[in-house]
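Residue numbers count from 1 along this sequence.
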Amino acid sequence: MSSYDAIAALYDPWSRSVTEDVDFYVAQARKSGGPVVELGVGTGRIAVPVAKAGVRVIGIDDSEGMLALCRSRAEEARISDLVELRLGDLRRPPVLERVPLVTCPFRALLHLGSDGERLEALRAVYRLLIPHGRFVFDVFAPSMEDVEETNGRWLEREPGIFERADWDEDARTLSLSVRSDDGSATTFGLHWLSAPEWLRLLDEAELDVEALYGWFDGRPHDGDEDMVFVTRRR
């Protein structure tokens, strides 16, 4: 089971305030013409708006619970014909098609714990892309202030939904726990890298960086916590 299965029904209320990336990924999908492979599709927070824009999405996730909610959301929006969902690992996505765009929103690559796993995923992306196709994703590296403000504390993220961040700055890992008043709970690990380390891995995977933004509005990255990469298959 995926660690997200335990909070699948909780995920949308927990992440309801995260909307700043939606228009960015929809614009990338429109620009590509589709189809788009989305790694870590979750409940369809990005995929459904992309499909509403008329772009076909192949969504990959390792959580059956999240995929079930995504499927329901697509049916409610009447765009099921544009959303194809597959259970699988983002390191080995079950996709034979070659596409002009692969995306991995909302820091999903941070679930990978080693450079070996990261390279496996990036090389899988390379194989999914048509020549000169693009891979777009976002990640982060925390600031000292973020660590100090949140470390080891239960904070109410949304009404009745709490999260706790346990940071290990030496190992550069985050153990993130989520629980709700109804008893749903899970914990998962995230592993962060610096921008130069991501650039090195992307180069090894033959994915050339076209842009590195510090936010979804296109501002240049200048040592910011957030990193938004737009890359192209070499």
Side-chain angles (χ1 to χ4, degrees), residues 12 14-60 79 82-83 90 99-112 118 121-122 125-126 128-147 149 157 172 174 190-234:
D12 285 341
W14 173 50
S15 62
R16 66 163 53 97
S17 63
V18 183
T19 59
E20 61 274 1
D21 56 345
V22 176
D23 289 345
F24 172 82
Y25 281 107
V26 170
Q28 293 291 324
R30 281 178 166 154
K31 182 178 179 180
S32 77
V36 177
V37 170
E38 183 181 334
L39 302 175
V41 69
T43 62
R45 189 180 63 85
I46 300 292
V48 169
V50 167
K52 283 183 175 179
V55 181
R56 178 174 168 244
V57 181
I58 302 170
I60 310 301
I79 42 84
L82 290 175
V83 179
L90 61 81
V99 298
L101 177 65
V102 177
T103 64
C104 190
F106 207 14
R107 306 166 171 176
L109 283 179
L110 298 188
H111 288 293
L112 303 178
R118 296 175 193 114
L122 294 175
V125 167
Y126 178 92
L128 290 175
L129 292 170
I130 63 173
H132 307 299
R134 286 186 172 90
F135 175 45
V136 181
F137 68 99
D138 62 272
V139 289
F140 84 107
S143 67
M144 181 68 69
E145 292 77 14
D146 194 24
V147 172
E149 289 173 4
R157 171 75 174 264
R172 291 191 295 178
L174 164 62
L190 300 174
H191 312 261
W192 73 85
L193 298 178
S194 66
E197 289 170 311
W198 280 112
L199 291 170
R200 175 182 59 80
L201 290 172
L202 289 164
D203 182 60
E204 287 189 44
E206 299 187 75
L207 295 166
D208 294 327
V209 177
E210 291 190 333
L212 171 53
Y213 301 124
W215 196 240
F216 300 100
D217 57 7
R219 72 186 72 168
H221 181 263
D222 188 22
D224 312 273
E225 293 181 56
D226 291 280
M227 296 169 256
V228 184
F229 287 87
V230 179
T231 74
R232 184 188 289 272
R233 174 178 164 152
R234 188 175 300 164

Side-chain contact, heavy-atom cut-off 4.5 Å: [X] with [Y]?
X      : Y      : value
Leu193 : Leu201 : yes
Val125 : Leu39  : yes
Ile60  : Leu90  : no
Phe216 : Asp23  : no

Is Arg172 salt-bridged to Glu197, cutoff N-O under 4.0 Å? yes
Of the non-hydrogen atoms in [X] and [Y], which two are nearest, and what is the gap between them?
X      : Y      : value
Val147 : Pro142 : CG2-CB, 4.0 Å
Asp138 : Phe106 : OD1-N, 3.1 Å
Ala195 : Leu212 : CB-CD2, 4.2 Å
Tyr126 : Ala205 : CD1-O, 3.5 Å
Phe135 : Cys104 : CE1-CB, 4.0 Å
Thr19  : Arg16  : CG2-O, 3.7 Å

Return a table of donor-acceptor pairs under 3.5 angstrom between the side chains of residues 223-230 and protein atoms on other chains or two or more places apart.
from   : atom 1 : to     : atom 2 : distance (Å)
Asp224 : OD2    : Asp222 : N      : 2.7
Glu225 : OE2    : Ser143 : OG     : 3.2
Asp226 : OD1    : Arg107 : NH2    : 2.7

In Å and rounded to the nearest 0.5 Å, what is the CH2 to CG distance from Trp198 to Leu207?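 Trp198 CH2 to Leu207 CG: 11.5 Å, rounded to 0.5 Å.
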Distance in Å, Phe137 CZ paired with Tyr25 OH, rounded so as to fall on 0.5 Å steps: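 Phe137 atom CZ to Tyr25 atom OH measures 8.5 Å (nearest 0.5 Å).
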Which donor-acceptor pairs under 3.5 Å do the side chains of residues 28-36 make with protein atoms, sequence neighbours left out?
from  : atom 1 : to    : atom 2 : distance (Å)
Ser32 : OG     : Ala29 : O      : 2.8
Ser32 : OG     : Gly34 : N      : 3.0

Selection residues 44-53 - residue pairs positive for salt bridge (charged side-chain N to carboxylate O under 4.0 Å, His left out), sequence neighbours left out: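 Qualifying pairs, neighbours excluded: Asp21-Arg45.
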Hey, is the main chain of Leu101 close enough, under 3.5 Å, to the side chain of Arg134 for a donor-acceptor pair? no
Do side-chain atoms of Arg232 reach the backbone of His132 as a donor and acceptor pair under 3.5 angstrom?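 Yes, because the side chain of Arg232 sits within donor-acceptor range (under 3.5 Å) of the backbone of His132.
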May I have the step-by-step check of side-chain contact (heavy atoms from CB on, under 4.5 Å) for Leu202 and Leu122, ending in yes or no? CA-CA 7 Å; Leu202 289 164; Leu122 294 175; 4.0 Å; yes
side-chain contact (heavy atoms from CB on, under 4.5 Å) between Leu110 and His191: does it pass, once the steps are laid out? CA-CA 5 Å; Leu110 298 188; His191 312 261; 5.7 Å; no
Quick one: do Asp208 and Arg234 satisfy salt bridge (Lys or Arg N to Asp or Glu O under 4.0 Å)? Show the steps, please. CA-CA 6 Å; Asp208 294 327; Arg234 188 175 300 164; 2.9 Å; yes
